[in-house]
Amino acid sequence: MRRLSAGLTAGALLLVATACGSSGDEPSKGGGSSGGLTTVKVGLIPIVDVAPLYLGQKKGFFEKQGLELEFTTAQGGAAIVPGVASGQFQFGFSNVTSLMVAQSNGVPVRAVANGIASTGNAGEDFGALMVKKGSPLKSPEQLEGRKVAINTLKNINETAVRASVRDAGGDPDEVEFVELPFDQMPAALDKGQIDAAMVVEPATATIRNQEGVEIASPLVDVAPDLTVALYFTSVRYAERNPEVVRKFQKAAAQSLAYADAHPDEAREIITTYTKIPADVLAKVTLPKWPAEANRPSIDALMKLGQSDGLFKNPPNLDELLP
């Protein structure tokens, strides 16, 4: 299953790289216009991480820049990357590993704004490796021969879990990784269909509400204050629409700063695009929303990805990062 999924992902990325050479794959002035605003389509994952964009839209930060955001959700960054590269979306949200994998496969993508960062605190992060109540599993090295759910195979969460298993003295090659959307992980864990799950909020809080137990903080294990995800566009769109990109960057920066300074409003906006219950929402651990990406942490993530064999060619971070 892991080999098949990785092959399909690589094939899709290579197909997108070819498609990007066509002349009509992207609109020249954003995604259209509405009431004097330029409408841009943004591919997102329906998780806590993207609260700043929803909040920024509500607060009028994007409208002030002449932009109207049209959101479309996907399971993970690996699905959003081809959509941005082909022109289906003008911007997208993706974990850093997906962007590095895309670039290494010749897909021309470019990060334009910071996304999220780990809290840096083990046991108090928005992402966690969790098991159900009463599980005999107490530490990552015990996952050898066990079934662990991640949202996308061969990606940042697999790399992070592998790092945690390796650091604990286990062999990550002996772990059975299975692909499952974040919102399906709590039920699958509770029913015993998987042995552990690498979850992010709000699924993390949902499992805690089920009395699940955290056995590692993989994102923290990768690097202190790890930059986990970024907002990005295609190189082609950035070159054709530099003013739209500049406006998106400015509004996104304002949105990140506002969300970081107003956590209660960030929590409230999460209820508009997820089905998280109020009692669970109160327990959600918010990520950090810093203005700038942490380059050393991305370097560490790239080295782990290289050791895991994720990249066809070494990523060029100077060209990828904003």
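For this chain, numbers begin at 1 and follow the sequence in order.
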Next on the checklist: Counting only heavy atoms from other residues, nucleotides and ligands, does the tally under 6.0 Å from CD of Gln306 exceed 12?
Outcome noted: yes
Checklist entry - If you draw a 6.0 Å radius around CD in Glu63, do more than 12 non-hydrogen atoms from other residues or ligands fall strictly inside? => result no
Next on the checklist: Let's go through Ile270 and Tyr54 carefully: what are the C-alpha distance in whole Å and the side-chain angles of both, what is the deciding distance for side-chain contact (heavy atoms from CB on, under 4.5 Å) to 0.1 Å, and is it a yes or a no?
Outcome noted: CA-CA 8 Å; Ile270 292 166; Tyr54 284 92; over 6 Å; no
Considering all heavy atoms, the nearest [X]-[Y] contact:
| X | Y | result |
| --- | --- | --- |
| Val228 | Ser118 | CG2-N, 3.9 Å |
| Leu219 | Gly127 | CD1-CA, 4.3 Å |
| Val280 | Ala205 | CG1-CB, 3.5 Å |
| Val165 | Pro172 | CG1-N, 3.8 Å |
| Phe89 | Ile80 | CD1-O, 4.1 Å |
| Thr285 | Arg208 | OG1-NH1, 4.3 Å |

Next on the checklist: Please determine whether ring pair (Phe, Tyr, Trp, His ring centres under 6.0 Å) holds for the pair Tyr231 and Phe91, giving the CA-CA distance in whole Å, both sets of side-chain angles, and the decisive distance to 0.1 Å.
Outcome noted: CA-CA 7 Å; Tyr231 293 98; Phe91 297 95; 9.0 Å; no
Under the side-chain hydrogen bond (donor to acceptor under 3.5 Å, both in side chains) test, which residues partner [X], sequence neighbours left out?
| X | value |
| --- | --- |
| Arg267 | none |
| Asn157 | Asn151 |
| Thr119 | Asp125 |

Side-chain ([X]) to main-chain ([Y]) donor-acceptor, under 3.5 angstrom:
| X | Y | result |
| --- | --- | --- |
| Glu158 | Leu153 | no |
| Asn121 | Glu124 | no |
| Glu174 | Asp171 | no |
| Ser255 | Ala251 | yes |

Calculate, to the nearest 0.5 Å, the distance between atoms [atom1] and [atom2] belonging to [X] and [Y] respectively.
| X | Y | atom1 | atom2 | answer |
| --- | --- | --- | --- | --- |
| Glu243 | Arg246 | CD | CZ | 4.0 Å |
| Leu53 | Ile269 | CG | CD1 | 11.0 Å |
| Thr159 | Asp308 | OG1 | CG | 4.5 Å |
| Ser98 | Lys154 | OG | NZ | 13.5 Å |
| Leu310 | Met302 | CG | CE | 12.0 Å |
| Met130 | Ile194 | CE | CD1 | 11.5 Å |

Next on the checklist: Could you check whether Phe93 and Phe232 have their ring centres less than 6.0 Å apart?
Outcome noted: no
Got a sec, which residues hit side-chain contact (heavy atoms from CB on, under 4.5 Å) with [X], two or more places apart in sequence or on another chain?
| X | result |
| --- | --- |
| Ser297 | Ala223, Leu226, Thr227, Asn294 |
| Ala216 | Leu129, Pro140, Ser164, Pro218, Asp221 |
| Pro181 | Gln75, Asp183, Gln184 |
| Glu319 | Gln103, Asn316 |

So, do [X] and [Y] sit near enough that their side-chain heavy atoms are less than 4.5 Å apart?
| X | Y | result |
| --- | --- | --- |
| Val161 | Phe177 | yes |
| Glu68 | Thr38 | no |
| Leu99 | Leu320 | yes |
| Val109 | Val235 | no |
| Leu67 | Leu37 | no |
| Thr206 | Asn209 | no |
| Phe248 | Phe62 | yes |
| Glu70 | Gln90 | no |

Next on the checklist: Looking at Arg162 and Asp173, is there a salt bridge between them, counting it only when a charged N and a carboxylate O are closer than 4.0 Å?
Outcome noted: yes
Quick one: salt bridge (Lys or Arg N to Asp or Glu O under 4.0 Å) pairs with a partner in [range], sequence neighbours left out?
| range | result |
| --- | --- |
| residues 128-151 | Lys133-Glu211, Arg146-Asp195 |
| residues 283-297 | Asp225-Lys288, Arg295-Asp299, Arg295-Asp318 |
| residues 42-59 | Lys59-Glu265 |

Checklist entry - Would Tyr273 and Phe71 satisfy ring pair (Phe, Tyr, Trp, His ring centres under 6.0 Å), going step by step from the backbone distance to the final call? => result CA-CA 10 Å; Tyr273 64 91; Phe71 299 126; 8.2 Å; no
Next on the checklist: Just by distance, no angles: are the side chains of Thr97 and Asn155 close enough, under 3.5 Å, to form a donor-acceptor pair?
Outcome noted: no
Checklist entry - Can you tell me if Glu214 and Ser217 form a side-chain donor-acceptor pair at under 3.5 Å? => result yes
Item to check | Candidate pair Ser139 and Ile215, rule side-chain contact (heavy atoms from CB on, under 4.5 Å), full reasoning | outcome: CA-CA 5 Å; Ser139 183; Ile215 62 171; 5.9 Å; no
Checklist entry - Does the side-chain contact (heavy atoms from CB on, under 4.5 Å) test come out yes or no for Ile150 and Leu180, once each step is laid out? => result CA-CA 6 Å; Ile150 49 178; Leu180 199 64; over 6 Å; no
Checklist entry - Given Leu321 and Ile298, is the side-chain contact (heavy atoms from CB on, under 4.5 Å) satisfied, shown in steps? => result CA-CA 10 Å; Leu321 300 180; Ile298 296 176; 3.9 Å; yes
Item to check | Set of ring-ring contact (aromatic ring centres under 6.0 Å, His included) partners for Phe182, sequence neighbours left out | outcome: none
Checklist entry - By ring-ring contact (aromatic ring centres under 6.0 Å, His included), which residues pair with Phe311, not counting sequence neighbours? => result none
Next on the checklist: Would you call the rings of Tyr258 and Phe61 parallel, tilted or perpendicular, taking 30° and 60° as the class edges?
Outcome noted: perpendicular
Next on the checklist: Hydrophobic clustering (ILVMFWY, side-chain heavy atoms < 4.5 Å, transitive) - are Leu301 and Val220 grouped together?
Outcome noted: no
